Amino acid sequence: MRILEHPLIVPCVRRAPLALGLAALAAMPQIIHDAYVLRILVLVGIYVLLTSSLNLVNGYTGLFSLGHAAFYGVGAYTSAILVMRTGWSVWVGMIAGALGAAVVAWLIAKPTMKLKGVYLTLTTLGLNIIIMLVFLNWVDLTKGPLGIAGIPVPTLFGRRLSAPADYYYLILVVDVLVVFALSRLVNSRFGRALKAIREDERAAHACGIPLIHFKTVAFVLSAALAGLAGSFYAHYMRYISPEAFSYPETFNIVTILAFGGPGNLIGPIVGSVILISATEAFRVFAAYRMIIFGTVLVGTMLLRREGLLGGREYSFLITWPPRKKVDYGKGDRFLDAAQPPERGA
Amino acid sequence: MRMIAALATLAALVVSPALAASDVYIGVSAPLTGDNAEYGNYFKTAALLAQKTINDRGGIKGQKLQLLIEDSKADPKEAILIAQKFVSDPRVLAVVGDFNSSASMAAAEIYNDGGLVQISPTASHPDFTKKGEYIFRAGTTQSMEGAFLARWAVRDLGHKKIGTIYVNNDWGLVANKVFAETAKQLGADVVNQESFIPGDKDFTAIVTKIMDAKPDMVFLAVQWADAALIATQMKSLGLKTDLMGPGSLSTENLVKNAGDAVEGIRANAIYFAGDTRSVSADYTKAYAATYGRPPHDHSALTYDAVMLLANAIERGGVDRKAIRDALAATDGFEGVTGKFRFDADRNPVKDFSKIMVKNGKWQMADK
């Protein structure tokens, strides 16, 4: 066991479970040939992206936005329309989708990030409805209620990516990159500032954190990632229409986040995996499945209000070598005896 | 643990009893939960009734018909999962669904690539069946109704001067355009085409304009509530002319609201409860007897979709490709909603029932 504690080996050991997990995910299409299961996993992948991006605002910054499906939709429409009208590559469309959503979010953030609590929530909800109505009524651009059909699929090195396994790998790569970037972001100075805002705005402000600026950046970043998810959705489903981006979709995303546990990176992933596969697994209950689904949600919220994994942060790396028990000085006992018992109050 | 055990038991109870291997399977994808559950229920009840009818008369070539009914919530994301499930399941020979255009169109990509027939009773998007040669429609679109009504008005009823009133949205626009173009081709003179914005309640200006042109007939590409107002205002202004409109008018509510102002109004029916053809009358009776309520357009179309597939399986055999070819070659199939054949784009070509209000009731029209 000595060798495992060698300074060159330790980082490898710490990353071993993560690497194994990623390898298992990468091998999935080789093991599972059932296209139905792969499509469920693709859907899980889309929700991991959506939920993780919302987590940046609702989980880390402590704002309560209810407009996430709007950015998801802006990404989908921007990408689909751009690629179909100009014939550009789908990859350009995906970047444009993310940028488009970011621009819309920035325009909206200007007036709304000054709002607090329920006012911000209602404003973002209203925004979601407005954007849905734009999709519905700007017929020349979006084809209104008819939706946009025949959206092209991405190509890579001349190969059309249209099989479920192709989309699985694509969303897996996107998810891994995004979660990795988020893990760097939330542990950076910026990320710690967001958490400070969440815990106590006034204290954060007093420490010199520019509240509105940081909130705006978090909001815009989150929208850009939602836009990326929307673009992926458009080129995966190949047909989009306004109702897919209406506020019930926002509630779906918020539900998954609340269920999985906001404020850490694993919660959104676990939430997406469980809730998306549960809706499929509950098919055996036929018409009762949404009732059972709702019961599971209510039960979870009663037993764990902070969501399955909420309330603390996790690392993707394991602790190695195992921490030795450090024997701290016992001198405080002397003080304990001397001080009045309500010290902690 | 006990909770899980209980759920598992419940699951075992709900899952349908052991399915025999030699049966014929048809998939149904419909919104059984969510906002559109009401419509999905029409799908389900009608499909089950069709299954019972087929199995009571000896099944399909002696094999029992089994349905696999899945809930899509009318959500494209769920519809494509169901589509993949059906495509991957070798037992499934064809699929009825989905309810709305967005779920149906997203799923069509997968059905068509997988070589499995998808027939939607209700998706009305004009491009739906253009998704591929495995994609069919049992229901009709605005343009089919418009053309049918124009032929009825000009060729059968002999109207020469026709005015039209339409509601200015995508639905009304298409209905009016197709009607007016077909009527002109057939040699009629379309004297006015007046539109109004959805929500308008006062039609006196439009009616006065139409009165000046003295048409033989006015075509109303509107919903029944607007038609009731228009007919009432025409009566009070003293305009006496024949009236005609699409299937949206064929409801008792129109007669209830407009009374004798709509006496003699003509419309096509997608499904007409008073249809006297035996297939339709039998269906209406069986549906009401089984479920204790009258059937609906959507259930009639779903029933027809299942029957069309059963008919195609009988002719083509138990092979997905052969079923597609047999379905496309359907000619003269007597359905509840009319006599079917399919055009090159796999849209149904069928004669609608012609109905009119006589003595304050919708009845089959004389001609």
Side-chain angles (χ1 to χ4, degrees), chain A residues 32-44 46-47 136-137 139 143-151 153 162-164 167 233-234 236-246 248-249 252 276-296 299, chain B residues 3 7-8 10-16 30-37 40-41 44 68-89 100-110 112-114 124-128 130-132 169-171 173-174:
Chain A
I32 301 168
H33 293 288
D34 188 347
Y36 168 59
V37 176
L38 283 181
R39 284 196 190 270
I40 297 175
L41 292 176
V42 172
L43 193 58
V44 169
I46 294 177
Y47 277 98
L136 199 61
N137 290 303
V139 178
K143 298 201 184 158
L146 290 180
I148 299 178
I151 301 170
V153 299
S162 58
Y167 282 108
Y233 175 87
Y236 170 60
M237 300 294 283
R238 309 191 57 198
Y239 172 81
I240 50 172
S241 59
E243 71 259 38
F245 310 109
S246 186
E249 189 56 55
N252 275 343
I276 301 296
S277 31
T279 35
E280 285 303 306
F282 289 166
R283 283 204 179 282
V284 292
F285 302 110
Y288 302 101
R289 75 179 173 126
M290 293 322 284
I291 298 176
I292 292 170
F293 183 81
T295 315
V296 170
Chain B
M3 181 71 179
L7 282 177
L10 186 56
L13 286 175
V14 176
V15 175
S16 35
L32 304 178
T33 63
D35 292 347
N36 294 304
N41 196 39
K44 188 178 161 188
L68 300 173
I69 304 178
E70 294 289 1
D71 171 26
S72 69
K73 294 199 278 182
D75 179 344
K77 293 193 297 293
E78 302 235 356
I80 67 158
L81 291 178
I82 295 169
Q84 190 67 62
K85 198 175 180 187
F86 285 152
V87 166
S88 304
D89 185 342
N100 52 337
S101 289
S102 37
S104 306
M105 292 200 41
E109 300 280 355
I110 292 167
N112 196 56
D113 287 354
S124 63
H125 194 295
D127 294 338
F128 169 58
K130 291 179 191 151
K131 286 266 161 189
N169 58 20
D170 59 325
W171 180 88
L173 213 67
V174 174

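The structure displayed is predicted, hence computed values, not measured ones.
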Tell me, do [X] and [Y] make a side-chain contact under 4.5 Å, heavy atoms counted?
X       : Y       : answer
N100(B) : E243(A) : yes
K85(B)  : R283(A) : yes
M105(B) : R238(A) : no

query: Which answer fits Y47(A), side chain, backbone, both or neither, if we ask what part of it has an atom under 4.5 Å from a heavy atom of chain B?
result: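 Y47(A) touches chain B through side-chain heavy atoms alone.
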- request: Examine whether an atom of I40(A) lies under 4.5 Å from a heavy atom of chain B, and if so say whether it belongs to the side chain, the backbone or both; otherwise answer neither.
  value: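 Both parts, heavy atoms under 4.5 Å.
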Please name the pair of heavy atoms, one in [X] and one in [Y], separated by the smallest distance, quoted to 0.1 Å.
X      : Y       : result
T33(B) : M290(A) : OG1-CG, 3.4 Å
Q84(B) : P164(A) : OE1-CG, 4.2 Å
K77(B) : L43(A)  : CD-CD1, 3.5 Å

query: Pick from D89(B), L32(B), D71(B): which one has the most heavy-atom pairs with chain A under 4.5 Å?
result: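 Highest number of pairs under 4.5 Å: D71(B).
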- request: Mind ranking G34(B), A37(B), P76(B) by heavy-atom pairs under 4.5 Å with chain A and telling me who comes out on top?
  value: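 Of the candidates given, the most pairs with chain A belong to P76(B).
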Quick one: what part of [X] sits under 4.5 Å from any heavy atom of chain A, side chain, backbone, both or neither?
X       : value
I110(B) : side chain
K131(B) : side chain
S102(B) : both

message: Quick check on N137(A): does its CG atom have over 12 non-hydrogen neighbours (other residues, nucleotides or ligands) under 6.0 Å away?
response: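 Atom CG in N137(A) is packed in, count exceeds 12.
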query: Measuring from L81(B):CG to E280(A):CD, what's the distance to the nearest 0.5 Å?
result: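 One gets 4.5 Å once the value is rounded to the nearest 0.5 Å.
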